[in-house]
Number of protein chains: 2
Amino acid sequence: MPRSVDVARLAGVSQKTVSRVLNNEQYVSTEVRQRVLAAAEQLGYRLNNAARALASGRSRSIGVVSLGTALYGPASLLMGIERAVRDAGYALRVVNTVEGDPSGIAGAVESLLEQGVDGIVISEPIDEGAEPVRADVPVLVLGAPLPFSAPRVVTAGVGSDELARAATEHLLDLGHATVHHVAGPQRWYAARERLGAWRGALTARGLVGPPVVEGDWSAASGYAAGRRLASDDDVTAVFAANDDMAIGVIRALMEAGRRVPDDVSVAGFDDIPVAAYVTPPLTTVRQPFDAVATAGLQLLVHAIEQPHEDLPPAADHPVELVVRASTAPPPRTTPGRGRATSR
Amino acid sequence: MPRSVDVARLAGVSQKTVSRVLNNEQYVSTEVRQRVLAAAEQLGYRLNNAARALASGRSRSIGVVSLGTALYGPASLLMGIERAVRDAGYALRVVNTVEGDPSGIAGAVESLLEQGVDGIVISEPIDEGAEPVRADVPVLVLGAPLPFSAPRVVTAGVGSDELARAATEHLLDLGHATVHHVAGPQRWYAARERLGAWRGALTARGLVGPPVVEGDWSAASGYAAGRRLASDDDVTAVFAANDDMAIGVIRALMEAGRRVPDDVSVAGFDDIPVAAYVTPPLTTVRQPFDAVATAGLQLLVHAIEQPHEDLPPAADHPVELVVRASTAPPPRTTPGRGRATSR
DNA sequence: TTGAAAGCGCTAACAC
DNA sequence: GTGTTAGCGCTTTCAA
């Protein structure tokens, strides 16, 4: 493998000049630059990043701690982060946390620190007892204000709350007396946030939320929740914390003889790729993963490269409610419902 | 930040001995080892990987080139790779290729090489004109025998072909005269492989495959394909190259008044999380992502660490056909079908 | 079983 | 504009 001295020799310059060219520094004449580039090309020279990192104290890489799941939300966010990291000119290192792992986020952060990353992204954290983690590089927490000890912790909301509120309000606006909620596992911040926003939307209209059914994001858990909800005639509107659970809920309702949306409206969360093609097409909200990743990484890179300047303000992301055929006004008459017929 | 000399000083040993302990080398007395470990702990010492990589010429990291998509298949495979890499004691670096990017896989490989990875995984490659890529480290190609120039190229099939064959045969076994195929984009190796296996299954029974409809993995493209297939009364069985497209096909068939599975059977591919809960529950095949990733990485790590020994044989993965309610025998009488009634 | 010395290939600071 | 001189913090000889 050729080294920079070899390039220097071939180009007839000093090794430092090669370094200057490769780092796009100023004060190099165009002619020398050309010569160096040509020599590097000719030799098939490739910069050694380990040496560069050792000498400079920076690795030009960012580490991301993510959940080891192919669930649509987390996977989409990870893809967004990868793109944003690459666009920012950094390399990406990934460590997943395993659910139930005692070392959890702290262990993952530690392993990234050992690898020498310049910054860390924590994607959609879940509570593992959350002993506060210590990091000596800037940290971006996506989707939760995690207690964190680092020189600069920046957080960027993913807008879950506004989206959950919009979904709930959509159902209320259709005329439903209340909205039931099938929540995600409450160890996930994302699940708690959606639950809170749902409750907030009800409270704002003077309503008290009915008991919550908690699922685990899976369609199977949505199905189980749906069976319970189906037996209650008062249920006319359900907001599920993700689309998979919503689809499970719908299946359970249909099997119980309750039509969707005629008898019961169901709204989901995420807008997964098949949402528009299931029966009935699912009303849901779309998370702006790419925008969130881009905005969050801007903050992180700023914290890395301008450690002493203030952070630019975080941008807001638009709320995208996608209304399809799984939501409708509540049934006008409610056969077999004691309360309704007696009125 | 403390360095290994600091640990050495505190433990009263040489810096080299600290290095020995941290690398779990032999020839260190238990007592010294304890002392060093304690000193490291006390100082909050963290090994500097850049320095280690520079000195040793190895980074203990593996790079993966993957598609920047949250599609269930690629995302699941990536998660499997992450786990397998971590289990093998390596760090993971990720670079996505952007569809349509001219530099494509070659550019991604180049950027990983610059980062100094010890090995590279190419996950589910697609053809971008595929100028053969050159790498000076072992390369694992998952899901395609890509032309590749590297000291050791190992490939591990993901078993797509057997699974696609199983799905097709399942439909034939139910009594269908033939099986139509909604293929994935043919630039993807995975799509070509499934197409080939479907055709092979038909050929094995002396059948000639009907014209193929090509989609782009999306439910929308499946829906478009479904509309075309719905107008043809001869269609009684459809095998779609992924579940999303299968769901789109089903929706189009139902809208056209053709019942699934009574009139037309539809099988998918992947077993996405909602497959069991859509209407009707989808018959599909399940890909063994985790097993494939584990087996593939074993090969890669072997090629990295024992460059001169032969590779162990690749393991076969079990075929998992998941039969649900979207497939059934063909209709016995076919009202309105000219050919059938005239017989 | 332990230690001393010599780099790995680059960037940083300063000189010219 | 360009070159010189020191390291960055480890691992690798080799010697004891």
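On a predicted model such as this, the values are computed, not experimentally measured, just so you know. Labels below follow one simple rule: chain letters A, B, ... track the order of the sequence lines, proteins then strands, and each chain is numbered from 1. These numbers come from the heavy atoms of this one structure, side chains and all, not from hydrogens, waters or symmetry mates.
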Enquirer: So if I take every side-chain heavy atom of B/V28 and compare against C/dC10, D/dC8, C/dT2, which nucleotide ends up nearest?
Expert: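 Nearest to the side chain of B/V28 among the choices is C/dT2.
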Enquirer: Relative to the 5' end of DNA chain C, which residue comes earlier, B/S56 or B/V13, by the nucleotide with the nearest heavy atom?
Expert: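 Closer to the 5' end of DNA chain C: B/V13.
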Enquirer: Just how far, in rounded Å, is P of C/dT11 from CZ of A/R58?
Expert: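 About 12 Å, once rounded to whole Å.
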Enquirer: Please classify the nucleic acid contact of B/N23 as base, sugar-phosphate, or nothing, using heavy-atom distances under 4.0 Å.
Expert: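 Counting heavy atoms under 4.0 Å across all strands, the contact made by B/N23 is with sugar-phosphate only.
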Enquirer: Between A/S29 and D/dG1, is there a contact of a side-chain N or O with OP1 or OP2 at under 4.0 Å?
Expert: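 No.
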Enquirer: Return the value, rounded to whole Å, for the distance between atom CD of B/E25 and atom C1' of C/dG3.
Expert: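 Distance check: B/E25 CD to C/dG3 C1' gives 13 Å.
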Enquirer: Tell me the interatomic distance from A/L47, atom CG, to C/dC8, atom P, rounded to whole angstroms.
Expert: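 Nearest whole value for this atom pair: 17 Å.
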Enquirer: Check the distance between C/dT11's P and A/N24's CG and give it to me in whole angstrom.
Expert: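 For the pair A/N24 CG and C/dT11 P, the rounded distance is 12 Å.
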Enquirer: Less than 3.5 Å apart, any donor N or O on the side chain of A/N49 or A/R60 sitting next to an acceptor on the other?
Expert: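 No.
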Enquirer: Please work out if B/V5 contacts a base, only the sugar-phosphate, or nothing of the nucleic acid, heavy-atom cut-off 4.0 Å.
Expert: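 Touches nothing.
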Enquirer: Is any NZ, NE, NH1 or NH2 atom of the basic residue among A/R46 and B/E110 found under 4.0 Å from an Asp or Glu carboxylate oxygen of the other?
Expert: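 Judged by the 4.0 Å cut-off on N to carboxylate O distance, A/R46 and B/E110 do form a salt bridge.
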Enquirer: Taking C-beta and beyond as the side chain, do B/I120 and B/L113 meet within less than 4.5 Å on heavy atoms?
Expert: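 With C-beta onward as the side chain, the pair touches.
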Enquirer: Say whether A/N96 and B/E82, considering side chains only, have a donor N or O and an acceptor N or O under 3.5 Å apart.
Expert: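 Their side chains do contain a donor-acceptor pair, which is all the 3.5 Å distance test asks for.
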Enquirer: Return no unless some side-chain N or O of A/S14 is found under 4.0 Å from OP1 or OP2 of D/dG3.
Expert: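 Checking D/dG3 against A/S14, a side-chain N or O does come within under 4.0 Å of OP1 or OP2.
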Enquirer: Charged N to carboxylate O below 4.0 Å: is that the case for A/D290 and A/R83?
Expert: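 Yes, A/D290 and A/R83 are salt-bridged.
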Enquirer: Side-chain N or O of B/S4 less than 4.0 angstrom from OP1 or OP2 on D/dG9?
Expert: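 Checking B/S4 against D/dG9: no side-chain N or O falls below 4.0 Å of OP1 or OP2.
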Enquirer: For B/E114 and C/dG9, give me the distance from atom CD to atom P, rounded to whole Å.
Expert: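 Nearest whole value for this atom pair: 16 Å.
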Enquirer: When you measure from the side chain of A/R20, which nucleotide among C/dC10, D/dT2, D/dC10 comes out closest?
Expert: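 Between C/dC10, D/dT2, D/dC10, the one nearest the side chain of A/R20 would be D/dT2.
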Enquirer: Could you check if a side-chain atom of A/V121 sits within less than 4.5 angstrom of a side-chain atom of A/L297, using non-hydrogen atoms only?
Expert: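 Side chain of A/V121 against side chain of A/L297, heavy atoms only: contact under 4.5 Å found.
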Enquirer: Taking the side chain of A/A55 as its heavy atoms from C-beta onward, which of C/dG3, D/dG3, D/dG7 lies nearest to it?
Expert: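 For A/A55, the side-chain atoms sit closest to D/dG7.
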Enquirer: CZ of B/R52 versus C1' of D/dT12: gap in Å, rounded?
Expert: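 After rounding, the reported distance stands at 14 Å.
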Enquirer: Respond yes when some side-chain nitrogen or oxygen of B/S19 is under 4.0 Å from OP1 or OP2 of D/dT11, and no when none is.
Expert: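 Indeed, a polar side-chain atom of B/S19 lies that close.
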Enquirer: Distance check needed: C/dC10 C1' versus A/N49 CG, whole Å only.
Expert: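 Taking CG of A/N49 and C1' of C/dC10, I get 10 Å after rounding.
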Enquirer: Taking the side chain of A/N48 as its heavy atoms from C-beta onward, which of D/dG3, C/dG7, C/dC10 lies nearest to it?
Expert: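 So the nucleotide nearest the side chain must be C/dC10.
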Enquirer: Take the protein atom CZ of A/R33 and the nucleotide atom P of D/dG1, then report the distance between them rounded to whole Å.
Expert: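 It is 11 Å, rounded to the nearest whole Å.
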Enquirer: Does B/K16 make a side-chain donor-acceptor contact with the base of C/dA4, cut-off 3.5 Å?
Expert: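 Flag unset: no donor-acceptor pair detected.
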Enquirer: Where the side chain of B/Q15 is concerned, which of C/dT11, D/dG3, D/dT11 is the nearest nucleotide?
Expert: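 Nearest listed nucleotide: D/dT11.
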Enquirer: Donor-acceptor pair under 3.5 Å: do we get one between B/R46's side chain and the base of D/dG9?
Expert: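 Counting by modelled atom types and ignoring angles, no donor-acceptor contact under 3.5 Å is found here.
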Enquirer: So, is A/Y27 near the phosphate of D/dG3, with a side-chain N or O under 4.0 Å from OP1 or OP2?
Expert: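 A/Y27 to D/dG3 OP1/OP2: no side-chain N or O under 4.0 Å.
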